[in-house]
Amino acid sequence: MERYEPKTIEAKWQREWEREQAFVVPNPEPGDAPREHTYVLEMLPYPSGELHMGHVLNYTLGDVVAHLRRRRGFTVLRPIGYDAFGLPAENAAIKEGAHPRDVTNRNIAAIREQMKRMGWSIDWSRELSTAEPDYYHWTQWLFLKFFAENLAYRKEAPVNWCPNDQTVLANEQVIDGHCERCGAEVEVRNLEQWFFRITAYADRLLDDMELLESWPERVLTMQRNWIGRSEGAEVVFRIEELDVDIPVFTTRPDTLFGATFFVLAPEHPLVPRLAEGTPHEREVLEYVRHAAVRSSAQRVDPDEEKTGVCTGRFVTNPVNDHRLPVWVSDYVLMEYGTGAIMAVPAHDERDYAFAKRFELPIKTVVVPAEGEIEPDTVFVPHSENEKLVDSAQFSGLPSPEGKKAIVEWLESRAKGRPAVSYRLRDWLLSRQRYWGCPIPILYCDGCGLVPVPEEDLPVVLPEVDEYLPKGRSPLAAAEDWVKTTCPKCGGEARRETDTMDTFVDSSWYYLRYCDPQNDHAPFDRPMVDYWLPVNQYIGGIEHAILHLLYARFFTKVMYDLGIVGFREPFARLFNQGMLYYRGAKMSKSKGNVVSPDEMIERYGAEAVRLYVLFLGPAEQDKEWQDAGIEGMFRFLGRLWRLGLEVAERVDVSEEPGGELARKAHQTIAKVTDDIERRFQFNTPIAAVMELVNEIYGAKDDPEQAADVRFATETAVSLIHPYVPHIGEELWQRLGHEHLSAAPWPEADPAFLDRETFVLVVQVNGRVRGRVEVPAGLGEEELIARAKELPRVADHLDGKEVRKAIVVPGRLVNLVV
RNA sequence: GCCGAAGUGGCGGAACUGGUAGACGCGCUGGACUCAAAAUCCAGUGGGGCAUCGCCCCGUGCGGGUUCGAUUCCCGCCUUCGGCACCA
């Protein structure tokens with residue numbers, strides 16, 4: 001018999017699909033009959049190297065969904081592109097001593113080749129690269145829209161500086177004080193930078209989570225944590241001597257009477273003024289200087305003892321006019337709230353530690369509804385069952401009412417108001433690197449900041465000889481490019497030399513796919529409104545915050561601008577788990593990668609496709625096992641031999657109708673439900689394998705020839721989304737055409753209902769026997785059948801049956 | 001500390017709304033084919049016991065509970081992983 005040769009079969013069908021343009025989907029034309037359509041999207045790859053197994057898993061998942069949806073009658077948009085700008089590609093280029101464009105294009109070519117070898121059903125006519133001028137033209141266009149809305153702005157700010165990559169990083173790119181990409185410790189620098197005002201959308205990024213159809217709970221939680229919304233109040237404390245008001249943010253206005261001191265962050269702009277002329281002036285300024293050089297990692301180390309200095313000034317507590325000493329300490333962060341806090345050591349761990357260290361008073365003002373608390377300890381209120389004490393007219397109020405009453409009281413005296421604070425910071429988007437999208441802004445001495453006029457876009461990234469990072473943008477070296485004329489006054493102007501964070505590029509690519517050749521706009525609104533929101537988005541969990549938050553933000557801004565008609569880009573999100581090998585996350589730096597190419601060479605693309613999904617639940621982290629893929633290869637060989645053998649037999653005219661046909665229908669129901677409803681990909685493979693095993697047991701029985709043929713065709717049809725090449729080939733040999741376009745099989749309920757079933761008989765909940773009985777018997781009869789079993793009689797031991805539980809079609813449990 | 005997910009054979013894992021625990025694959029054992037090997041095919045494979053070809057006991061991280069019946073639900077722990085964290 002002809003051997004299973006994956007290479008031959010895969011090459012044949014890849015050529016065939018290419019020739020037929022099988023997966024190219026045109027946009028609807030006016031007057032077209034409406035079609036059921038769906039948008040299946042996987043996160044686009046960075047072309048900083050070749051594809052790894054994680055990509056293979058990602059795109060194979062999408063491919064199964066896409067094939068299944070097509071066969072269920074949907075028109076499926078499934079495009080691909082490359083997130084081609086950015087640090088990874090540039091660093092790869094530096095390492096090789098080549099130009100980033102050349103390295104990127106070479107990697108794109110290699111990835112495209114790999115994708116084609118995997119046989120993924122992609123609409124190649126929509127392929128895009130974010131580093132091409134016809135794409136970044138529109139990234140720049142969008143930037144200008146944001147700028148016009150005051151959602152892109154420039155300011156000097158303390159920023160995260162990576163000394164290794166020689167560029168600033170967004171907050172989201174700093175992990176534990178280290179650069180997300182290279183791991184170097186991040187420094188703080190004060191620089192003029194471009195920001196997107198994502199904080200203006202904090203509430204909507206939270207509230208619109210309700211519009212999402214199906215996102216993993218963990219991702220939503222991560223985003224909620226990241227946005228970090230807290231409700232509370234802004235309360236104004238006054239320094240009478242200086243005639244200065246200092247607002248603080250607190251989530252616990254009910255503890256206001258317990259404030260015993262007041263703390264400013266070292267970076268607080270009022271600190272020098274407060275210290276001026278006091279005996280503590282030198283000490284305070286010294287402390288501020290010292291705090292500035294401490295790294296953020298040092299400052300937030302919880303094991304470090306609290307430090308601080310007293311300023312000698314006092315603020316007035318607005319609720320009771322008590323005078324509280326003002327301290328400066330780096331446990332207060334300038335970036336959060338107002339950079340100043342009221343300290344309530346009795347009810348806050350950090351304030352308590354500080355009070356203990358500097359022997360400051362501790363005053364309890366909130367106690368549990370029942371019971372007392374020890375004086376001079378810290379009690380953090382956490383439930384609603386607490387009440388206020390020693391709080392003047394508010395004493396005795398339960399905590400939530402106390403909060404409300406105190407804030408109202410403050411508001412009526414213009415000393416406070418309800419307030420909300422966020423952990424989220426604005427998105428810092430400028431990068432002092434070469435390989436990125438140029439920011440389309442000019443600086444004119446006369447006119448100031450001037451946006452590049454739309455008709456002058458794109459601002460094309462200039463060629464430079466020296467693109468290595470040196471602390472300032474390499475574009476500054478392209479003097480001829482930098483020097484330009486101001487479109488407003490015609491005078492001399494200079495171009496912005498920073499480039500954009502690559503996350504800007506990837507924040508809207510899913511829209512460009514809908515209209516990729518458009519040269520008068522990023523896309524036409526009817527096209528994106530037709531396809532979006534993405535019905536199924538698939539990608540790694542590592543993008544839970546960064547990319548997914550940014551893309552949501554972009555969509556909301558575009559919605560407000562009226563250029564899209566939806567508020568959320570991705571209705572359903574699926575995050576696949578990471579792949580491990582030999583106990584560690586697969587990564588090039590650890591040297592424990594399994595090369596897809598090598599595996600394809602040895603076992604064929606389809607064994608690889610099947611195995612990455614068979615490994616385990618797609619959303620969980622999984623360990624790659626070398627021996628595992630051989631099992632998939634063996635299964636494909638088995639299916640192949642079965643298919644050929646069945647194909648060679650003379651056509652059977654009888655209708656399938658036996659046990660095997662029933663099994664086939666059961667498998668249809670299970671596979672469909674697992675993929676569509678449960679988004680589970682490993683169990684369908686197992687179900688088809690089980691079916692194939694059963695066919696093997698029956699295949700030489702001439703009585704069952706019709707069933708064998710039917711079951712074999714069903715198995716081929718069901719496994720096709722996973723292994724479309726062998727699926728097509730066997731389908732053809734079985735005498736049919738175009739499985740990729742064939743309808744997905746339906747499970748016939750007539751087959752699912754059986755004439756008999758195996759009744760499980762339990763005594764006191766323990767299985768004591770099984771008996772085959774006809775379907776449709778009444779309860780009484782089932783109980784009677786159960787009692788007939790000799791083993792059951794033994795266990796009943798003549799005792800009276802007190803109760804019998806009957807689960808129709810399944811079991812009888814006799815209780816004695 | 002707060003939030004989230006998860007603990008099942010030698011291994012990866014299955015078991016959908018509480019109803020035959022261990023599907024499917026790997027590995028292992030035995031057999032068939034073969035001069036031999038590879039490939040393939042068949043059988044077995046949670047632990048223990050009685051004994052024999054059938055049955056009994058134990059078994060889903062630990063301790064309780066609800067239930068005729070719990071991997072599944074509830075309470076209390078332990079462990080692992082992930083996110084957030086001097087965020088006022």
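Since the model is a prediction, treat every value here as computed from it, not as a measurement. Chain letters run A, B, ... following the sequence lines, proteins first, then strands; residues in each count from 1.
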Tell me which nucleotide among [options] gets nearest to the side chain of [X].
| X | options | value |
| --- | --- | --- |
| A:I545 | B:G83, B:G4, B:A15 | B:G83 |
| A:N225 | B:C68, B:C84, B:A88 | B:C84 |
| A:R678 | B:C26, B:G4, B:C16 | B:C16 |
| A:T683 | B:A14, B:G19, B:G25 | B:A14 |
| A:I805 | B:G19, B:U40, B:C24 | B:G19 |
| A:W226 | B:C84, B:A88, B:U20 | B:C84 |

Should we count CD of A:E349 as having more than 12 external heavy atoms under 6.0 Å?
-> no
Count the heavy atoms belonging to other residues, nucleotides or ligands that lie under 6.0 Å from CZ of A:R224, then report whether that count exceeds 12.
-> yes
Using the [atom1] atom in both, what is the distance from [N] to [M], to the nearest Å?
| N | M | atom1 | value |
| --- | --- | --- | --- |
| B:G22 | B:A14 | C1' | 7 Å |
| B:G59 | B:G65 | P | 15 Å |
| B:U17 | B:G7 | P | 15 Å |

Can you tell if the side chain of A:F681 reaches within under 4.5 Å of the side chain of A:T60, non-hydrogen atoms only?
-> no
